[in-house]
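These numbers come from the heavy atoms of this one structure, side chains and all, not from hydrogens, waters or symmetry mates. Everything quoted here is computed from the prediction, not taken from an experiment.
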Amino acid sequence: MAKLKELEAYREEIEQCVKCGACRAHCPVFGAEKHEGRVARGKVALAGAVLDGDIGFEAKVLEDLSQCLLCGSCCAQCPNKVPTEEIVAAARRRIAEQRGLSSFGKGLAAVLGRPKLMNMLAKTGGALSSLLFKKIPENSGLRLRFPAPYIDADRTLPPIAAKPFRERVPERIPGKEGAPTVAFFTGCGINYMYPAVGEAFLKILKFLGVTVIIPKDQACCGLPAVSAGAGGTVEELAAQNLTALNRIPVDYVVTACASCNAGIGKIYADLGGDYQMLAAKTMDIFVFLAQHGLPEQLAALPKSAQRTKVTYHDPCHLRTRGITREPRQILKALPQVEFVEMAAAGTCCGLGGTYSVYHYDTSKKIGAKKAANIGDSGAALVATDCPGCIMQLQDSVNHAGLPQQVVHLLELVVEALPETV
């Protein structure tokens with residue numbers, strides 16, 4: 001089984017940090033907390049001190065290394081391109097090896113590593129949703145009726161689907177002769193919480209005549225386990241997904257989740273070999289749609305008399321991979337949309353995988369800044385390309401008392417297509 005890089009393998013990158021402080025202006029956690037241990041250069045220094053044996057994993061070190069969203073904002077602005085998010089993730093794996101996973105990390109690894117258990121838990125939650133959750137009046141989302149471990153009482157949650165998306169659809173949906181064949185990597189968010197996004201994905205690719213394969217044996221991409229330091233779980237999930245996605249020949253593996261795109265496109269690529277080949281044919285849905293002519297087809301449709309103002313949030317895992325133009329290209333072409341750019345559209349929403357579980361108060365502070373920018377944009381809707389961002393942004397908007405709704409961009413695209421689709 002392919003292995004993730006050890007902390008020692010990052011020694012050269014750690015030594016490239018010159019402590020210039022450029023990261024301070026771009027780290028969402030530092031912006032919220034104003035604490036040196038929260039900023040990239042502080043974490044890189046800690047990782048270097050651990051490697052040199054100058055410090056161990058005492059409580060203060062553990063706390064500072066946990067205070068990272070792994071968003072990559074610092075690396076994008078670093079003059080030496082020090083990959084702080086990779087260094088921190090490797091340090092968390094070292095912590096897990098030496099001290100064991102946290103209780104939440106153990107639970108997460110157990111569930112993610114056993115898809116059948118994950119399916120059973122999701123179905124149970126969906127069936128009991130009316131008992132477990134209450135609808136938030138005049139807002140989008142649910143709140144827990146009873147206290148639950150690791151979930152803050154005032155967090156907004158999406159409903160859990162009574163039937164997961166992958167169980168609703170056949171494994172193969174044929175398209176037109178000569179059109180590409182793609183594997184749809186659904187991810188956990190679409191499969192369990194946002195099945196309407198998956199349905200929109202299928203309708204749009206049907207419109208383009210694309211054959212879609214939805215492997216039933218695919219698993220979580222592993223990004224939550226990366227955040228938790230559960231390296232073994234990441235490697236097991238990568239092996240399972242490699243088998244599932246290579247079982248049927250396809251032209252592309254397409255994602256509609258920024259985290260999944262980064263999981264396969266970056267984390268798996270670093271594993272080398274067959275994983276690198278899988279990563280090379282993995283593509284975000286909006287890059288795929290832009291390359292296959294959808295913006296031009298949308299632009300040819302008659303403009304609606306009444307258009308809705310929509311703004312866009314750049315998920316970190318797309319922005320840091322250079323995917324920012326294509327979603328906007330499609331948004332601007334939609335006949336029912338008036339696109340408005342919000343301030344700081346590319347700043348992190350504050351979710352950060354397991355970060356918002358451990359540090360929800362800081363996560364809310366980061367989200368509050370985002371919500372203010374959303375409100376100032378004058379948009380009625382916020383579109384994005386990541387189920388995790390949808391959940392976090394809606395929570396932030398609700399806490400701010402704003403009326404905006406957060407949607408996946410695919411849901412807006414499918415609204416514009418002819419009714420025959």
* To do: In sequence, state the C-alpha distance, the side-chain angles, and the governing distance for E13 and E86, and then conclude on side-chain contact (heavy atoms from CB on, under 4.5 Å).
  => CA-CA 10 Å; E13 288 89 341; E86 295 180 31; over 6 Å; no
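- No donor-acceptor pair under 3.5 Å is formed between the side chain of N80 and the backbone N or O of V82.
- A donor and an acceptor atom, one from each side chain of R155 and S356, are located under 3.5 Å apart.
- Judged by distance alone, with hydrogens and angles left aside, the side-chain atoms of R24 form no donor-acceptor pair with the main-chain N or O of R41 at under 3.5 Å.
- Distance check: C316 SG to D314 CG gives 9.0 Å after rounding to the nearest 0.5 Å.
- Of the possible donor and acceptor atoms, one in the side chain of S363 sits under 3.5 Å from a partner among the backbone N and O of G350.
- In this structure a side-chain-to-backbone donor-acceptor pair under 3.5 Å is missing from K365 to G31.
- Judged by distance alone, the side chain of R92 and the main-chain N or O of S227 form a donor-acceptor pair under 3.5 Å.
- Side-chain contact annotation: Y275 with D270, donor-acceptor N/O pair under 3.5 Å absent.
- Counting only residues at least two apart or on different chains, the ring-ring contact (aromatic ring centres under 6.0 Å, His included) pairs with a member in residues 332-376 are F104-Y358, Y355-H359.
- Distance alone, capped at 3.5 Å, is enough to place a donor-acceptor pair between the T243 side chain and the A239 backbone.
- Using modelled atom types, no side-chain atom of K206 and backbone atom of T211 make a donor-acceptor pair closer than 3.5 Å.
- A donor-acceptor distance shorter than 3.5 angstrom exists from the side chain of Q404 to the backbone of A379, with no hydrogens or angles considered.
- Separating the CG atom in L142 from the NZ atom in K134 is a distance of 11.0 Å, to the nearest 0.5 Å.
- When atom types are taken as modelled, the side chain of D385 and the backbone of A258 share no donor-acceptor pair closer than 3.5 angstrom.
- Between R247 and D217 there is a salt bridge, with a side-chain nitrogen of the basic residue lying less than 4.0 Å from a carboxylate oxygen of the acidic one.
- No hydrogens or angles considered: nothing links the side chains of K364 and H399 as a donor-acceptor pair under 3.5 Å.
- In terms of heavy atoms, I214 sits closest to P170 at CD1-O, 3.9 Å.
- Side-chain atoms of Q218 and N191 form no donor-acceptor pair, as typed in the model, at a separation below 3.5 Å.
- Using a 4.0 Å cut-off between a side-chain N of Lys or Arg and a carboxylate O of Asp or Glu, K3 and E235 qualify as a salt bridge.
- Side-chain contact, E63 with Q67: a donor N or O sits under 3.5 Å from an acceptor N or O.
- In summary, the side chains of S140 and Q405 do present a donor paired with an acceptor at a separation below 3.5 Å, with no hydrogens or angles considered.
- The 12-atom threshold is exceeded at NZ of K303, counting heavy atoms of other residues, nucleotides or ligands nearer than 6.0 Å.
- Within the 3.5 Å criterion, the main-chain N or O of Y194 finds no donor-acceptor partner in the side chain of H408.
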